[in-house]
Amino acid sequence: MAKVVIFGVLDTAELAHYYLTNDSKHEVVAFTVSREYLKETTFKGLPVVAFEDVENVFAPEEYSLFAPMTARKMNTLREDIYNQGKEKGYSFVSYISSKATVCDNEIGENCFILEDNTIQPFTKIGNNVVLWSGNHIGHHGEIKDHVFFTSHVVMSGHCVIESNCFIGVNATIRDYSVLAKGTLLAMGASLTKQKTDMWGVYVGNPAKKMENKMSYETY
């Protein structure tokens, strides 16, 4: 059991508080946000402290962090907070729902894995990965760091999902596919080709790359 400080005070942080409180052995003791967003000193009946000072109030030797943030800017905001927490000396907890199916998989830090995910044998998950509810994660694959799966995604066997990818609701990924760093696979897209381009946006069935894609800095 760890004493946990959650980063954020919006919906995802509130969900994290609920899941950790009701479906884990961890104890949530506080919340933290960047000082510019520190508007209230309590949330859910617990203290809120500035992230810039969090290590002075909740020492890394005694407390852990959890930063289950959204995929804004292709997960780079969550990546930055994760890296800053590591620089402060913190370890991060992961939450894996008791209603998820896992098979002795290797799963990293600061992962947020919700109910009804199926993670088949011999698939590895890196650090700072979010798997929202109801995904199928196929066998002998790898999901690398700072990735976000929404819901009801099918990732077939032997796939590699490189860092900073975002996978939309009801997307499908064929077996042996490699999603390059920063790939955005849109809602309902069906990826039939086996390799994407870095920071590419893919839409449709079969999925095709958008040539005039959005910048990941504004996503």
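Because the structure is a prediction, the values reported are computed rather than measured.
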Show me the side-chain donor-acceptor pairs of residues 40-47 shorter than 3.5 Å, one per line, residues at least two apart or across chains.
| residue | atom | partner | partner atom | Å |
| --- | --- | --- | --- | --- |
| K44 | NZ | E14 | OE2 | 3.1 |

Under 3.5 Å donor-acceptor pairs involving side-chain atoms of residues 184-194, not counting sequence neighbours:
| residue | atom | partner | partner atom | Å |
| --- | --- | --- | --- | --- |
| K193 | NZ | K195 | O | 3.4 |
| Q194 | NE2 | D175 | O | 3.4 |

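Using a 4.5 Å heavy-atom threshold, the side chains of T12 and F112 count as touching. Using a 4.5 Å cut-off on side-chain heavy atoms (C-beta onward), H139 and H158 make contact. No side-chain heavy atom of C103 sits less than 4.5 Å from a side-chain heavy atom of Q120. Counting heavy atoms from C-beta outward, V48 and V33 have side chains that approach closer than 4.5 Å. The shortest distance between side-chain heavy atoms of V147 and V130 does not fall below 4.5 Å. Proximity of I81 to M69: side-chain heavy atoms (C-beta onward) are separated by under 4.5 Å at one or more points. Using a 4.5 Å cut-off on side-chain heavy atoms (C-beta onward), H26 and F66 make no contact. At least one side-chain heavy atom of I96 sits less than 4.5 Å from a side-chain heavy atom of V102.
Remark: side-chain polar atoms of E109 are paired, donor with acceptor, to backbone N or O of F92 under 3.5 angstrom. Listed for the T32 side chain is a donor-acceptor partner under 3.5 Å among the backbone atoms of V49. When atom types are taken as modelled, the side chain of T150 and the backbone of V169 share a donor-acceptor pair closer than 3.5 angstrom. For S94 (side chain) and C111 (main-chain N/O), a donor-acceptor pair under 3.5 Å exists by modelled atom type. In this structure, N105 contributes its side chain and T123 its backbone to a donor-acceptor pair below 3.5 Å. No donor-acceptor pair under 3.5 Å is formed between the side chain of T21 and the backbone N or O of Y18. For the pair D104 (side chain) and P121 (backbone), a donor-acceptor distance under 3.5 Å is absent. Side-chain N or O atoms of S156 include one that pairs as donor or acceptor with a backbone N or O of I173 at under 3.5 Å. D23 places a side-chain N or O within donor-acceptor distance of the main-chain N or O of S98, the cut-off being under 3.5 Å. Formation of a donor-acceptor pair under 3.5 Å by the D145 side chain with backbone atoms of N127 is found in this model.
In the hydrophobic cluster analysis, where Ile, Leu, Val, Met, Phe, Trp and Tyr join through side-chain heavy atoms closer than 4.5 angstrom, V160 is grouped apart from L179. When hydrophobic clusters are built by joining Ile, Leu, Val, Met, Phe, Trp and Tyr residues whose side-chain heavy atoms come closer than 4.5 Å, directly or via intermediates, Y95 is not grouped with V29. In this structure, V28 is a member of the same hydrophobic cluster as V9, with clusters built from ILVMFWY side-chain heavy atoms closer than 4.5 Å. Y82 and I6 are members of different hydrophobic clusters when ILVMFWY side chains are connected at heavy-atom separations under 4.5 Å. Linking ILVMFWY side-chain heavy atoms closer than 4.5 Å, directly or via other members, places V93 and L65 in two distinct hydrophobic clusters.
For F7 and F51, the distance between ring centers is under 6.0 angstrom.
In this structure H152 satisfies the ring-ring contact (aromatic ring centres under 6.0 Å, His included) test with no other residue, sequence neighbours excluded. Under the rule for a ring-ring contact (aromatic ring centres under 6.0 Å, His included), Y90 has no partner lying at least two apart in sequence or in another chain. A search for ring-ring contact (aromatic ring centres under 6.0 Å, His included) contacts involving F58 returns Y63, not counting sequence neighbours.
Ion pair R35/D53 flagged as a salt bridge, since at least one NZ, NE, NH1 or NH2 atom sits closer than 4.0 Å to an Asp/Glu carboxylate oxygen. With salt bridges taken as basic N to acidic carboxylate O contacts below 4.0 Å, none links K3 and E27.
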Between D197 and K209, is a salt bridge (charged side-chain N to carboxylate O under 4.0 Å, His left out) present by the stated rule, with each step listed? CA-CA 9 Å; D197 297 333; K209 183 181 177 184; 3.1 Å; yes

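The shortest heavy-atom contact between K88 and V54 is CD-CG1, 4.1 Å.
Put simply, CD on E142 and CD on E162 are 7.5 Å apart, with the number rounded to the nearest 0.5 Å. Rounding to the nearest 0.5 Å gives a distance of 9.5 Å between SG of C159 and CD1 of I137. If you take CD1 on I167 and CG on N135, they are separated by 9.5 Å, rounding to the nearest 0.5 Å.
In this model, a donor atom of one side chain and an acceptor atom of the other lie less than 3.5 Å apart for S163 and K181.
Grouped with Y176 in a hydrophobic cluster is no other residue, since no side-chain heavy-atom contact under 4.5 Å to another Ile, Leu, Val, Met, Phe, Trp or Tyr is found.
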